[in-house]
There are 2 protein chains.
Amino acid sequence: MPTMTAAQRRAAEKRDYDAFLDGCKSRALLDRLTDKWVTLVLAALRDEGTMRFSALSRRIAGVSQKMLTQTLRNLERDGLVVRTVTPTVPVTVDYRLTDLGTSLALLVLQVKGWAEQHMDLVLQHRDDYDAAHA
Amino acid sequence: MPTMTAAQRRAAEKRDYDAFLDGCKSRALLDRLTDKWVTLVLAALRDEGTMRFSALSRRIAGVSQKMLTQTLRNLERDGLVVRTVTPTVPVTVDYRLTDLGTSLALLVLQVKGWAEQHMDLVLQHRDDYDAAHA
DNA sequence: TGGGTTAGGCACCTCCAGGTGCCTACTTCC
DNA sequence: GGAAGTAGGCACCTGGAGGTGCCTAACCCA
């Protein structure tokens with residue numbers, strides 16, 4: 001059978017897509033950046049240098065302990081953040097960016113800069129569009 | 001009552017967080033970039049200049065029509081993409097980046113560049129971490 | 001003696017982004 | 001006459017990201 005049904009073609013495309021994703025580093029990075037709190041943690045650590053868990057959870061208002069822990073674990077796992085435990089009486093844990101983490105944070109800040117410069121325009125477009133298609 | 005319970009404090013933080021998000025342009029931008037297909041569409045349009053719907057769905061293997069449509073609508077709504085309908089016999093629709101869209105696409109490509117340079121290191125860290133914490 | 005602090009662990013629940021399938025209306029090709 | 005291509009619309013469904021609440025263990029303070 002030389003031809004394919006639409007369903008067969010889509011299945012083939014999906015295989016391509018999956019294979020593509022496995023080797024796609026930018027997708028992997030995007031998945032990390034996509035996490036709701038990652039960029040906020042990067043920004044906070046870049047501003048403050050070193051922060052304790054409690055300081056981070058205060059600075060990033062609204063984050064749950066679970067999500068902050070999860071986010072920091074992932075960043076540590078990826079070598080973007082170092083975790084230092086000091087066995088004082090209630091144990092103290094410090095987090096800071098690695099060089100790698102810092103270089104990524106700088107990029108994230110560029111995106112933030114774009115947003116601050118251009119998002120007003122985007123929101124304007126959005127309102128116009130909504131008004132036109134009401 | 002001068003003190004707060006932990007629950008009260010968290011509720012207050014959540015209010016702060018919500019208020020914070022409403023005025024946060026970079027968060028709004030991130031929400032857009034977060035959409036699974038947005039970056040791929042930006043990259044494709046930047047490479048090819050102008051593309052038809054079907055060309056995009058072929059280029060971005062694995063995307064469903066629904067998601068491609070939704071992604072393009074959002075990008076159009078935000079003024080990052082222009083949609084041009086040509087009433088040929090089966091109607092033809094072309095998409096291309098606006099200047100605003102192009103400037104954002106360039107930023108996205110920088111992130112992609114970071115990924116291509118450094119993701120190996122990240123993945124290495126990830127493996128080491130997993131090995132150490134097995 | 002009960003509450004606050006430290007940095008989380010664990011279990012359950014919710015909600016929606018994204019996926020799938022089926023539909024159109026017109027035309028051209030086999 | 002049936003299939004494929006054109007650009008989607010619409011309804012339904014599921015997985016997993018993210019949230020909530022309750023737990024610890026050792027200490028301090030009022």
Side-chain angles (χ1 to χ4, degrees), chain A residues 1-11 13-15 17-18 21 27 30-41 51-58 60-76 81 83-95 133, chain B residues 1-11 13-15 17-18 21 27 30-41 51-58 60-76 81 83-95 133:
Chain A
M1 247 152 263
T3 60
M4 283 177 164
T5 68
Q8 286 171 328
R9 182 169 17 77
R10 255 180 295 131
E13 282 173 356
K14 193 185 174 83
R15 278 196 304 278
Y17 172 67
D18 291 340
L21 278 200
R27 168 60 52 190
L30 196 64
D31 285 347
R32 188 117 317 290
L33 256 35
T34 275
D35 290 351
K36 192 172 179 183
W37 304 102
V38 168
T39 56
L40 296 177
V41 170
M51 294 182 83
R52 304 183 49 179
F53 185 90
S54 52
L56 275 166
S57 74
R58 252 174 280 119
I60 305 172
V63 70
S64 61
Q65 287 105 320
K66 174 193 160 185
M67 290 315 296
L68 184 54
T69 301
Q70 194 177 105
T71 301
L72 288 167
R73 282 287 177 283
N74 283 332
L75 291 175
E76 186 198 2
V81 151
R83 190 177 106 107
T84 314
V85 181
T86 312
T88 51
V89 156
V91 63
T92 305
V93 181
D94 289 294
Y95 294 91
H133 298 247
Chain B
M1 247 153 265
T3 59
M4 282 176 164
T5 67
Q8 285 171 329
R9 183 166 21 77
R10 255 181 295 132
E13 283 173 355
K14 193 186 172 79
R15 278 196 304 279
Y17 172 69
D18 290 340
L21 278 199
R27 167 60 54 190
L30 195 64
D31 285 347
R32 188 115 318 292
L33 257 34
T34 276
D35 290 352
K36 193 172 178 182
W37 305 101
V38 168
T39 56
L40 296 176
V41 169
M51 295 182 84
R52 304 183 49 181
F53 184 91
S54 53
L56 276 166
S57 73
R58 253 173 280 119
I60 304 172
V63 70
S64 62
Q65 287 108 319
K66 174 192 160 186
M67 290 315 296
L68 184 54
T69 300
Q70 195 177 104
T71 302
L72 289 168
R73 283 286 177 284
N74 283 333
L75 291 175
E76 186 198 2
V81 150
R83 190 177 106 107
T84 314
V85 181
T86 312
T88 51
V89 156
V91 65
T92 305
V93 182
D94 290 293
Y95 295 91
H133 298 248

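Separating the CD atom of A:Gln65 from the C1' atom of C:dG4 is a distance of 14 Å, rounded to the nearest angstrom. Whole-Å rounding puts the B:Leu33 CG to C:dA17 C1' distance at 16 Å. For the pair B:Arg27 CZ and D:dG18 C1', the interatomic distance rounds to 12 Å; values are reported in whole Å. One can place CG of B:Leu68 at 10 Å from P of D:dA7, the figure rounded to the nearest angstrom. Per the geometry, CZ belonging to A:Arg58 stands 11 Å off C1' belonging to C:dT6, to the nearest Å. When the C1' atom of D:dG8 is taken as reference, atom CG of B:Leu72 falls 11 Å away, rounded to whole Å. Atom-to-atom, CE of B:Met51 to P of D:dG8 comes out at 14 Å; the value is rounded to the nearest Å.
The A:Trp37 side chain lies nearest to D:dG19 when the options are C:dG8, D:dG19, C:dT20. Checked against C:dT6, D:dT20, D:dA7, the side chain of B:Val91 finds its nearest nucleotide in D:dA7. Distance from the side chain of B:Arg73 is smallest to D:dG8 among D:dG8, C:dG18, C:dG8. For B:Thr69, whose side chain is taken as the heavy atoms from C-beta onward, the closest listed nucleotide among D:dG9, D:dA7, D:dA11 is D:dG9. Side chain of B:Met67, nearest nucleotide from C:dG18, D:dG8, D:dG19: C:dG18. Closest contact between the side chain of B:Ser54 and the listed nucleotides D:dC27, D:dT6, C:dA7 involves D:dT6. If you check C:dT20, D:dA7, D:dT6 against the side chain of B:Phe53, the one that comes closest is D:dA7. Candidate nucleotides D:dG8, D:dG19, C:dG8 were compared by shortest atom distance to the side chain of A:Lys66, and D:dG19 ranks first.
The gap from the C1' atom of D:dG19 to that of C:dT6 amounts to 22 Å, rounded to the nearest Å.
Counting heavy atoms from C-beta outward, A:Trp37 and A:Leu68 have side chains that stay 4.5 Å or more apart. Side-chain contact check for B:Gln70 versus B:Asp35: every heavy-atom pair is 4.5 Å or farther apart. Counting heavy atoms from C-beta on, the side chains of A:Val41 and A:Ile60 come closer than 4.5 Å.
For D:dG8, the OP1/OP2 oxygens have a side-chain nitrogen or oxygen of B:Arg83 closer than 4.0 Å. Residue A:Lys36 has a polar side-chain atom (N or O) positioned under 4.0 Å from OP1 or OP2 of D:dG19. For B:Arg52, no side-chain nitrogen or oxygen approaches OP1 or OP2 of D:dT6 to under 4.0 Å.
Comparing A:Val93 and B:Gln70 along DNA chain C, the residue whose closest nucleotide (by nearest heavy atom) sits nearer the 5' end is A:Val93. Mapping B:Asp35 and A:Ala55 onto DNA chain C by nearest heavy atom places A:Ala55 closer to the 5' end of the strand.
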Steps toward side-chain hydrogen bond (donor to acceptor under 3.5 Å, both in side chains) verdict (B:Thr69, B:Arg73): CA-CA 6 Å; B:Thr69 300; B:Arg73 283 286 177 284; over 6 Å; no
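Screening B:Leu75, B:Asp94, B:Val93, B:Leu72 for a side-chain contact (heavy atoms from CB on, under 4.5 Å) involving B:Arg83 leaves a single residue, B:Val93.
The two residues A:Pro87 and A:Val85 come nearest to each other via the heavy atoms CD-O, 3.9 Å.
Looking at heavy-atom distances under 4.0 Å, A:Thr88 makes no contact with the nucleic acid at all.
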